[in-house]
Amino acid sequence: MPELPDVEGFRRTLERHAAGRSVRGVQVADRALLRNSTPQALGRAIGGRRLRRSERHGKWIVAPVGDVSLLFHFGMTGLFDWAEPGVERHRHDRLVLAFSGGELRYRNMRRFGGVWVVRDEGERRSVTGPLGPDANAVRRDDLERLIAERRGGVKAALMDQRLIAGLGNLLVDEILWRARVHPRADLRRLSRAKRDALYEALRQTLRTSIRRGRVPPARGWLTGVRDEPGARCPRCGAGLRKATVAGRTACWCPRCQRARP
DNA sequence: TTGCATGTTCCGGA
DNA sequence: GTCCGGAACATGCA
């Protein structure tokens, strides 16, 4: 699930239940997901220390505890689950942090992503790599500048975390569909009107998705129909098209989104 | 059994 | 140097 809206939901789970509380125990069920540390070192670093306010940048969560920060990435199948003591664990819970009153469980079926321990901003950067501004903090003039400095296809650009952090496959398709821009459209040939539409679609799509904690598969959304066989455009009824663009399955409406390179 | 999945990284080639 | 497509990573499901 995890794109920016999902990860923001995970961050809220962390804040609501665990922020300000002390770590009472650490259990590592899958050492491979603890990417740059060991269960012993993690326990020494955060055991008994208080979890402070966490931040999200793109699809990353940064959780400061004691003298270190935990970095969480959720890959394609990760999530946070808060559970009361004694509630049976899920088979894909890879890391569990126990607090008073409950446990934070880092679950991840496919084992992409993971958990890192970093001591400072430099280490954090070396783990996440260079990230553009968070997609939810991008302003109209930021987008204008980012587009001006980049060439190539619009979908590849929006998916690039170095340019804008947080957008994934579903979000980008949704944004392009709303803005009526073809996923392969050449960035340098996007009109001012299309760039405006892109920004508006970005804002609206993110606003609603963050509120819902996911890209909602709702009526009137591309995400609501894209996986149905014979899916049709919720706006005009044309049959939706699918193809690989920028390495991912893109879904678009051939009637609404015409701008071809 | 095969193909596909909401993510990232690495490689070769244009 | 940029950008793109493809493969790899790991696991489950239709």
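- The nearest whole Å value for the distance from the CG atom in Asp173(A) to the P atom in dA5(B) is 11 Å.
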Discussion item. Applying side-chain contact (heavy atoms from CB on, under 4.5 Å) to Leu131(A) and His57(A), what does each step give before you reach the verdict?
Written reply: CA-CA 8 Å; Leu131(A) 295 174; His57(A) 190 142; 3.9 Å; yes
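- Distances shown here put every side-chain N or O of Lys59(A) at or beyond 4.0 Å from the OP1 or OP2 atom of dT6(B).
- Atom-to-atom, CH2 of Trp221(A) to P of dT6(B) comes out at 17 Å; the value is rounded to the nearest Å.
- Geometric assessment of Arg226(A) against the ring of Trp177(A) yields a negative cation-pi assignment under the 6.0 Å and 45° thresholds.
- Using a 4.0 Å heavy-atom distance criterion, Gly113(A) is classed as making no nucleic acid contact.
- Counting any heavy atom pair closer than 4.0 Å across all strands shown, Thr249(A) reaches sugar-phosphate atoms only and no base atom.
- dT6(B) and dC3(C) have their P atoms separated by 24 Å, given to the nearest Å.
- In this structure, Glu228(A) places its CD atom 16 Å from P of dA14(C), rounding to the nearest Å.
- Taking the ring axis of Trp221(A) as reference, the NZ or CZ atom of Arg178(A) stays within 45° of it and closer than 6.0 Å to the ring centre.
- The minimum heavy-atom distance linking Leu4(A) with Ala135(A) is given by the pair CD1-CB, 3.8 Å.
- Leu33(A) places its CG atom 17 Å from the P atom of dG7(B), with the value rounded to the nearest Å.
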Discussion item. For nucleotides 1-13 of chain C, give me one character per nucleotide, 5' to 3': B if any protein heavy atom sits under 4.0 Å from the base, S if the only such contacts are to the sugar-phosphate, - if neither.
Written reply: BSSSS---BBBS-
Practice prompt. Kindly indicate, with the supporting measurements, whether the criterion side-chain contact (heavy atoms from CB on, under 4.5 Å) is fulfilled by Phe80(A) and Leu104(A).
Written response: CA-CA 7 Å; Phe80(A) 275 159; Leu104(A) 180 78; 3.9 Å; yes
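- For the OP1/OP2 pair of dT8(B) and a distance below 4.0 Å, the side-chain nitrogens and oxygens of His73(A) include at least one atom meeting the criterion.
- Taking a pair to require two hydrogen-bonding distances under 3.5 Å in either a Watson-Crick or a G-U wobble arrangement, dT11(C) pairs with dA5(B).
- Along DNA chain B, the nucleotide nearest to Asn169(A) and the one nearest to Gly129(A) differ in position, and the one closer to the 5' end is contacted by Asn169(A).
- Between Asp6(A) atom CG and dA5(B) atom P the separation is 17 Å, expressed in whole Å.
- Here the P atom of nucleotide dT6(B) and the CD atom of Glu174(A) are 14 Å apart, to the nearest Å.
- In this structure, the ring of Tyr106(A) has its center less than 6.0 angstrom from the ring center of Phe74(A).
- Here the two rings, on Phe72(A) and Phe10(A), have centers that are 6.0 Å apart or farther.
- In this structure, CZ of Arg35(A) is placed 11 Å from C1' of dT8(B), rounded to the nearest angstrom.
- Between Gln161(A) and Lys242(A), it is Lys242(A) whose nearest contact on DNA chain B lies nearer the 5' terminus.
- In this structure, the CG atom of Asn108(A) is 18 Å from the P atom of dA5(B), given to the nearest Å.
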